[in-house]
Amino acid sequence: MKQLSAKVAAIAPSATIEITNKAKKMQREGIDVISLSIGEPDFDTPKHITDACIGALKKGETHYAPSNGIPELLAAISEKIAKENKFACEPDQVIVTCGAKDAIYEGMEAVLNPGDEVILPTPAWVSYEPCVQMAGGKTVFHPVNQKTFQLDDSILEKVNAKTKMISINSPSNPSGAVFDKKSMKLVADLCEDHDLYAMSDEIYEKLIYGKEHISLASLGDMAQRTITVNGFSKAYAMTGWRLGYAVAPKPIIKAMSRVQQHSVSQATTFAMWGAVAALRGDQKCVESMRSEFDRRRKFMVAELGKMGYTCAPADGAFYAFVKVTGDDNKIATDWLEKGHVAATPGSSFYAPGWIRLSYAASMERLHEAMERIKKVGGK
Ligand code: PMP
Ligand code: GLU
């Protein structure tokens, strides 16, 4: 038989998904595994959102919709962007995608030519590099300072004639760090000085604890060159709905739209009505989930501290990024196999020597997880 695609063979599987699958398999075998390896809110989608979706289904919203999204959702997103993210956005600068992940993939396809380089500050979430690879580009990793988790001038050394884009994610998965004004300004200056595009994944913008979220596109002329990625999975506990979006200059949206038309066609029609309710409805649900995450975050960071572990600044998202001195892959395997706690090794996020623990689990399970980690040990 002829060989399958070399391009796809070069792509690593998603570590977050693989480890969680392993934890699920152990659970099916009757083992009480505490899964802290995947970033997924443990809350159910708020009722007013599911009701809107059920209502849409009952009304017959079961047909194809415009490929970029239903006009009601495009309008709600563009208003949200102008009001909260503080940059101008027309509805035709928005595309609704099948999850934020799809927006990242389509954005990379839209911008990159073979050989183009994308600078990726690390630690970074697992799917950016594969999306760059699928689009034929090359990822250039830039490790951030592992104390502050902010950017500094050293990132300039990564820019060359092939650099096309810089991809950032604040609040960060996996570190929880939130880029301050100085880091954001540095990215903006870099893009403007070297004529680069930017991708700014802001999916955790609502899950932030005492810091300020800055949208890259709100700085200088960055709205002209930035793909802002966001979605509903994290803020509204809608992971299984597979709904995300991108906001970008019109030529980029047009290019993303071509990828979308020939791959997924559109996001699910009735699901989009749920998203309209999410954006237009009462935002109290977002705050109540955020404050519960905050409570768990404080507990987890304190407990890990008592055990002698230090964490990256857990200022956003729902991850404690824990420094370990041994081999992170081995320690995470021990935690899973001996302690029955699933965690994701930092190596999967290009940061060996760290382990990511999600605190999107009940307090009771987090208490138990801390006890188990204490017993297994491994620093
Ligand atoms: N970006 C980041 C940083 C994430 O953690 C996730 C979670 N998987 C996504 C994008 C994708 O989210 P989704 O596709 O569920 O909207
Ligand atoms: N963003 C989540 C995580 O990092 C979900 C899994 C994934 O899509 O990678 O665990």
Side-chain angles (χ1 to χ4, degrees), residues 11-24 35-43 45 49 69 73 77 95-108 120-132 149 167-179 199-208 213 216 227-247 260 263-264 267-268 271-272 274-275 278-279 293 315-321 332 342-351 354-361:
I11 293 168
S14 165
T16 48
I17 292 178
E18 293 257 308
I19 294 160
T20 308
N21 284 347
K22 186 169 169 189
K24 284 193 175 134
S35 181
L36 306 183
S37 53
I38 194 126
E40 164 160 40
D42 53 318
F43 304 109
T45 304
I49 301 175
L73 183 53
I77 292 168
I95 185 165
V96 180
T97 52
C98 299
K101 201 179 269 187
D102 187 30
I104 296 165
Y105 169 66
E106 290 182 4
M108 295 300 182
L120 182 66
T122 59
W125 177 55
V126 297
S127 289
Y128 301 114
E129 185 196 11
C131 289
V132 171
F149 286 81
S167 181
I168 61 165
N169 168 222
S170 173
S172 158
N173 175 6
S175 74
V178 174
F179 279 160
M199 181 173 282
S200 180
D201 180 350
E202 304 184 8
I203 194 158
Y204 293 101
E205 66 170 348
K206 303 273 182 192
L207 302 177
I208 200 161
H213 172 69
L216 185 63
I227 304 175
T228 303
V229 171
N230 209 323
F232 300 89
S233 290
K234 317 291 172 175
Y236 299 97
M238 290 170 70
T239 45
W241 292 58
R242 310 309 307 129
L243 275 182
Y245 60 89
V247 174
Q260 175 136 304
S263 52
V264 292
T268 303
M272 286 194 271
L279 290 180
F293 285 136
D315 293 329
F318 35 56
Y319 307 106
F321 203 47
T344 313
S347 297
S348 314
F349 306 107
Y350 319 95
W354 296 81
I355 292 184
R356 189 191 79 172
L357 286 169
S358 161
Y359 50 84

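Since we're looking at a predicted model, the values are computed, not measured. Both counts, for ligands and for their atoms, begin at 1 and track the order of listing. Starting from 1, each residue takes its place in the sequence as its number.
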Sub-4.0 Å atoms of ligand 1 with respect to non-hydrogen atoms of Asp201: 1 (N), 2 (C), 3 (C), 10 (C)
Examine the proximity of ligand 2 to Glu18 and report which part, side chain or backbone, both or neither, has a heavy atom under 4.0 Å away. neither
Within a strict 4.5 Å, meaning less than it, do heavy atoms of the Pro123 and Phe149 side chains meet? yes
Taking 4.0 Å as the limit for heavy-atom contacts, which would you say applies to Tyr128 with ligand 1: side chain only, backbone only, both, or neither? side chain
Considering the heavy atoms of Arg242, write down every atom of ligand 1 situated less than 4.0 Å from one of them. 13 (P), 14 (O), 15 (O)
Element-labelled atoms of ligand 1 that are located less than 4.0 Å from some non-hydrogen atom of Gly99: 14 (O), 16 (O)
Non-hydrogen side-chain atoms of Thr268 and Trp241 separated by less than 4.5 Å: no
Which of the ligand 1 atoms, numbered from 1, are nearer than 4.0 Å to a heavy atom of Asn173: 3 (C), 4 (C), 5 (O)
Considering heavy atoms of the protein only, find what lies nearest to atom 7 (C) of ligand 1 and give residue, atom and distance to 0.1 Å. Lys234 NZ, 2.7 Å
Numbering the atoms of ligand 1 from 1, which are under 4.0 Å from a heavy atom of Ser233? 13 (P), 15 (O), 16 (O)
Identify, for atom 16 (O) of ligand 1, the protein heavy atom at the shortest distance, and state residue, atom and that distance. Ala100 N, 2.7 Å
Among Tyr204, Tyr319, Tyr245, Trp125, whose heavy atom sits nearest atom 5 (O) of ligand 1? Tyr204
Under 30°, 30 to 60°, or over 60°: which ring-plane class applies to Trp354 and Phe321, parallel, tilted or perpendicular? parallel
Is there a side-chain contact between Tyr236 and Leu243 in this structure, where contact means two heavy atoms from C-beta onward sitting under 4.5 Å apart? no
Would you mind running through ligand 1 and noting each atom that sits below 4.0 Å from a heavy atom of Asn169? 3 (C)
For Lys101, the atoms of ligand 1 under 4.0 Å from one of its heavy atoms are 11 (C), 14 (O)
Look only at interatomic distance and state if Thr239 has a nitrogen or oxygen under 3.5 Å from any nitrogen or oxygen of ligand 1. no
Where the closest heavy atom to atom 8 (O) of ligand 2 is concerned, which of Lys101, Arg356, Lys234 has it? Lys101
Numbering the atoms of ligand 1 from 1, which are under 4.0 Å from a heavy atom of Ile203? 1 (N), 2 (C), 3 (C), 12 (O), 16 (O)
For the 3.5 Å polar cut-off, considering only N or O atoms, please tell me whether Ser127 and ligand 2 meet it. no
Determine, considering heavy atoms only, which of Gly99, Ser358, Gly39, Ser348 sits nearest to atom 2 (C) of ligand 2. Gly39
Would you mind finding which of Ile38, Asn173, Thr16 brings a heavy atom closest to atom 9 (O) of ligand 2? Thr16
I need the contact type for Tyr319 against ligand 2. Using non-hydrogen atoms and a strict under-4.0 Å cut-off, is it side chain, backbone, both or neither? side chain
